[in-house]
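Quick notes on the structure that follows.
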2 protein chains.
Amino acid sequence: MDVNLQSHFQAAVSVDNVIFGFDTNGLNVLLIYRGAEPYRDRWALPGDLIDLKTDTPDSAAVKVLRNLTGLEELYIDQIRTFGRLDRHPYGRVFTVAYFALIKTQDYSVEASSWAEQAEWFPIDNLPELPFDHNEIFNYAKELLKMKIRKQPIGFELLPKHFTLTELQRLYEAILEKEFDVRNFRKKILSMDFITDTGLKQHSVMHRPAKLYRYNFRKYAKLMTGGYDFDL
Amino acid sequence: MDVNLQSHFQAAVSVDNVIFGFDTNGLNVLLIYRGAEPYRDRWALPGDLIDLKTDTPDSAAVKVLRNLTGLEELYIDQIRTFGRLDRHPYGRVFTVAYFALIKTQDYSVEASSWAEQAEWFPIDNLPELPFDHNEIFNYAKELLKMKIRKQPIGFELLPKHFTLTELQRLYEAILEKEFDVRNFRKKILSMDFITDTGLKQHSVMHRPAKLYRYNFRKYAKLMTGGYDFDL
DNA sequence: CAAGTATATTGTAAAAAATACAATAATTCA
DNA sequence: TGAATTATTGTATTTTTTACAATATACTTG
């Protein structure tokens with residue numbers, strides 16, 4: 001290979017995942033406790049160097065997510081690439097950041113191959129992160145805000161069956177803004193892609209709420225009709 | 001360096017720009033005629049390998065754009081990174097795609113250091129592009145559609161002074177959809193970030209249109225008030 | 001200079017969507 | 001049985017969107 005070209009083929013590329021989860025305490029991010037250098041013993045976004053022989057950025061990000069959660073078929077999407085010159089102490093490493101949503105309820109620490117090293121952190125109380133991970137996280141947070149208003153991805157963060165109040169709390173947590181109960185329900189129901197399951201909460205010491213589920217097929221149908229999701 | 005690490009530091013990273021321009025014929029993309037291998041003598045997106053010693057993806061993309069147009073201060077934004085295993089015949093090359101908007105009127109082929117090799121192509125009549133450039137272009141086109149509805153970036157594609165009809169044609173070309181003249185004007189003017197310059201067209205053989213300009217300060221003010229641009 | 005040509009500009013009524021606002025209902029627990 | 005707690009629902013007002021066509025202004029030509 002040409003000497004000129006040679007000088008270009010000396011970069012590494014990694015992926016880093018910003019994994020969001022939602023529970024009664026609000027929005028959380030899944031961080032791992034690094035067991036290896038650099039930045040050993042620091043909480044960081046879960047990520048890995050891409051294996052140049054076998055992986056694309058997408059496949060590498062999916063692998064990280066799968067290893068960490070033991071779950072398949074999660075929502076994941078590329079955010080953007082970060083490439084500051086000094087972002088990695090070992091050399092020139094570009095990182096492709098990803099954005100994932102998981103149902104906290106389905107996630108069990110035990111299923112993870114990095115079990116004891118993973119932990120949920122409330123998004124408003126993150127530790128200082130290594131590399132440019134704070135920057136990546138902030139970018140992801142903004143993206144989540146934007147996406148939630150345009151696409152019905154909120155359901156990826158809720159259990160299969162959920163109440164309208166839970167859905168409202170989710171939107172409020174993400175958008176950092178409160179909605180009127182009546183108007184929120186009217187709007188969500190008018191969009192017509194959640195379905196009443198006929199089930200109710202039980203063992204709650206108040207009027208039990210109806211349980212709904214997200215109906216992807218209805219959503220898909222609306223989209224092909226040029227529908228504009230907005231909140 | 002560790003052998004294990006060594007195997008990761010063998011990638012190259014490039015940037016590729018999808019540069020949009022607008023004229024009376026509609027939306028165009030700027031392509032260059034490749035003078036070097038691979039894919040010599042093919043029309044392709046302007047791009048370059050990132051110099052690992054000196055450049056970030058952003059700075060590299062700006063350089064490509066500047067070399068090509070001779071212009072400063074253009075609108076440019078990252079799209080996403082593409083990294084199929086076989087996308088480049090010389091090895092593992094990831095490419096960070098960018099999206100740029102330029103005022104065709106300000107662009108002169110002469111100013112370009114690649115002068116004779118650059119040419120505008122109507123977006124609905126592109127040649128077959130090398131690498132994964134067709135995929136990148138399609139992605140960019142969708143992104144443009146999305147962005148134009150959310151941010152006042154259309155003005156980056158128009159001369160400093162423009163008529164409302166030109167603005168409408170621009171939106172129609174990008175969104176592939178026609179708008180009612182009265183409603184379009186009402187909406188645009190209600191947004192209140194374009195200003196009447198007091199000037200008019202001349203030497204047109206019909207009623208001359210008023211010339212407007214984009215008022216960034218007004219827009220910025222609106223945004224801080226939580227305004228939602230939408231069309 | 002009058003008529004013709006071509007595009008620019010403007011208003012209004014009806015329908016739809018967004019907003020503001022509070023009373024009643026269903027369950028558990030004591 | 002009533003107290004506690006959260007779920008559920010409707011209506012009037014305002015704002016936004018939509019549908020729709022007549023008049024205005026410049027240039028050109030005869």
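Order of the sequence lines sets the chain letters (A, B, ...), proteins ahead of strands, with each chain counted from 1. In what follows, every heavy atom counts, from backbone to side chain, and hydrogens, waters and symmetry copies are set aside. Remember, it's a predicted structure, so these values are computed and weren't measured experimentally.
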Exercise for the section: For the residue pair A:D16 and A:T95, confirm or rule out a side-chain donor-acceptor distance under 3.5 Å. Expected result: yes
Practice task
Mind calculating the distance between CD (B:Q201) and P (C:dA8) to the nearest angstrom?
Solution key: 7 Å
Completion exercise
Note: for A:L164 and A:H206 on DNA chain D, the residue whose nearest nucleotide lies more 5' is A:H206
Fill in the blank from the handout: Residue set satisfying salt bridge (charged side-chain N to carboxylate O under 4.0 Å, His left out) with B:E172, at least two apart, ordered chain then number -> B:R169
Exercise for the section: Using whole Å, report how far CZ of A:F184 lies from C1' of D:dT8. Expected result: 14 Å
Practice task
Say whether B:N138 and B:K141, considering side chains only, have a donor N or O and an acceptor N or O under 3.5 Å apart.
Solution key: no
Exercise for the section: Assign A:T165 to base, sugar-phosphate, or nothing according to its heavy-atom contacts below 4.0 angstrom with the strands shown. Expected result: sugar-phosphate
Handout entry: Length of the line joining B:K187:NZ and D:dA19:P, which is rounded to integer Å
Key = 13 Å
Handout entry: Within 45° cone of A:F82 ring axis and under 6.0 Å: A:R80 NZ or CZ
Key = yes
Practice task
Would you mind reading off the distance between A:H202 atom NE2 and C:dT28 atom P, rounded to a whole angstrom?
Solution key: 10 Å
Problem - Protein-nucleotide distance (A:L199, atom CG; D:dA7, atom P), rounded to Å - result: 17 Å
Exercise for the section: Output yes when A:D77 and A:K147 qualify as a salt bridge under the 4.0 Å nitrogen-oxygen rule, no when they do not. Expected result: yes
Completion exercise
Taken to the nearest whole Å, CD1/B:I188 to P/D:dT17 is 12 Å
Completion exercise
To the nearest angstrom, the NZ-C1' distance between B:K200 and D:dC27 comes to 13 Å
Completion exercise
Heavy-atom nearest nucleotide on DNA chain C taken for B:L211 and for A:P208; more 5' hit belongs to B:L211
Return the polar atom pairs (N/O with N/O) between nucleotides 9-13 of chain D and the protein under 3.5 Å, or none.
{"residue": "D:dT11", "atom": "O4", "partner": "A:K186", "partner atom": "NZ", "Å": "2.8"}

Problem - Non-neighbouring partners of A:K160 that pass salt bridge (charged side-chain N to carboxylate O under 4.0 Å, His left out), sequence neighbours left out - result: none
